[in-house]
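For reference, the structure is listed below as structure tokens.
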Amino acid sequence: MHDLDLLSRYAIPGQLRFRATPAGLAFADIDNPAGTASVCLQGAHLTTFRPKSQPEPVVWLSDAARLLPGKSIRGGVPVCWPWFGAHPSDSRLPAHGFARTVPWDVIDSGASAGVTHITLQLRPTAATRAQWPHDTPLTLRISVGDTLDMALTTRNASAGALPLSEALHTYFQVGDVAQVELLGLDGCTYLDKTEAFARRQQHGAVRFSGETDRVYVGTHSECVIHDPLLQRRIRIAKQGSASTVVWTPWEDKAAAMGDFTAHGWRQMVCVESANAADDSLVLQPGQTHTLQVRYSAEAL
Ligand code: TA6
């Protein structure tokens, strides 16, 4: 799937190296004085991020994640593209699109001012064209330092207008999801997936006491995870995203999914920067759209 010799041209001694797993997945490992991260080249899937200032990772990865060719990875930052959730008209197609389970190519890397960056581009195949027969180059630029910056850029190089929904479906590590508060969505309208997408309004902080699966629409706000157990705040800033998706499977749903450990679900919460539901996009011919996020952690 990936040739480590070809990848070596993008390596940066002392801070960016490539490796392959026995199952045949290639990873980029970043380690600089400010932070560490790993990125699976399948799906341009960042699997973990830890600022050196933090004892615990900011981005969570399931201890039971399946790291296999063609399989989605539980945790990290799955790239949901070119649709979010179920395909709008064809239930045979994979939830959250195909981008997260196909090979991406490294097209750039570099380092400056204590930040290591790598840029990947989705590699179209016959299988992806069968699902999405459009010319729409997709890149993800990842910048690792004390903060994590990610920029997902879609260019419509086709002759027609194209529908697009997307998300950086990020799993954040927390001490106990039942004890955190998510700030920044007060007053927002959300679609409640656990109640047949009923429309509701958020009052105050989001707290968790069971399965929670909500698409907050029309919000460009920064969110903050307030974590009393890990004694930290995680800031989730975004641009080019009008939706924020909030998800915890809680115990029963996690057990049914097969790639969570018995209590793993308790150490994560998804806060996903997206364009979904009411905020789905239409890209005009020649239009470029970028969804970008910045994740940072600070002590309480
Ligand atoms: O973003 C929340 C959600 O859409 C949930 O409904 C749940 O399906 C989750 O994504 C995980 O989806 P996955 O396909 O990665 O198992």
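All residue numbers in this chain count up from 1 along the given sequence. Values below: all heavy atoms of this structure, side chains included; hydrogens, waters and symmetry mates excluded. Note that this is a predicted model, so its numbers are computed, not measured. Every number for a ligand or one of its atoms is a count from 1 in the order of the listing.
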Within one Ile-Leu-Val-Met-Phe-Trp-Tyr cluster: Trp247 and Leu183, side-chain cutoff 4.5 Å |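 Different clusters: Trp247 never reaches Leu183 through Ile, Leu, Val, Met, Phe, Trp or Tyr contacts under 4.5 Å.
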
Mutual orientation of the aromatic rings belonging to Tyr171 and Trp60 [parallel < 30°, tilted 30-60°, perpendicular > 60°] |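 Taking Trp60 first and then Tyr171, their aromatic rings lie parallel (interplane angle under 30°).
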
Which of parallel (below 30°), tilted (30 to 60°) and perpendicular (above 60°) describes Phe98 and Trp81?
->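 Aromatic pair Phe98/Trp81 classed perpendicular.
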
Please tabulate, one line per pair, the protein nitrogen or oxygen atoms found under 3.5 angstrom from a nitrogen or oxygen of ligand 1, with distances to 0.1 Å, or say none if there are no such pairs.
| residue | atom | partner | partner atom | Å |
| --- | --- | --- | --- | --- |
| ligand 1 | 1 (O) | His169 | NE2 | 3.0 |
| ligand 1 | 1 (O) | Glu272 | OE1 | 2.9 |
| ligand 1 | 1 (O) | Glu272 | OE2 | 2.9 |
| ligand 1 | 4 (O) | His96 | NE2 | 3.3 |
| ligand 1 | 6 (O) | Lys193 | NZ | 2.7 |
| ligand 1 | 6 (O) | Asp213 | OD2 | 2.5 |
| ligand 1 | 10 (O) | His96 | NE2 | 3.0 |
| ligand 1 | 10 (O) | His169 | NE2 | 3.0 |
| ligand 1 | 14 (O) | Arg100 | NH2 | 2.8 |
| ligand 1 | 15 (O) | Arg74 | NH1 | 3.3 |
| ligand 1 | 15 (O) | Arg100 | NH1 | 2.8 |
| ligand 1 | 16 (O) | Arg74 | NH1 | 3.2 |
| ligand 1 | 16 (O) | Arg74 | NH2 | 3.0 |

Taking atom CD of Glu222 as the centre, does the number of heavy atoms from other residues, nucleotides or ligands within less than 6.0 Å exceed 12?
->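 Atom CD in Glu222 is crowded, with more than 12 foreign heavy atoms closer than 6.0 Å.
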
Under the side chain to side chain contact (heavy atoms under 4.5 Å, CB included) rule, collect the residues that match up with His117, sequence neighbours excluded.
->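 Checked His117 against side chain to side chain contact (heavy atoms under 4.5 Å, CB included); matches are Asp108, Arg141, Ser143.
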
Check whether any side-chain heavy atom of Met268 lies under 4.5 Å from a side-chain heavy atom of Pro249, and answer yes or no.
->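 Met268 reaches Pro249 side chain to side chain.
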
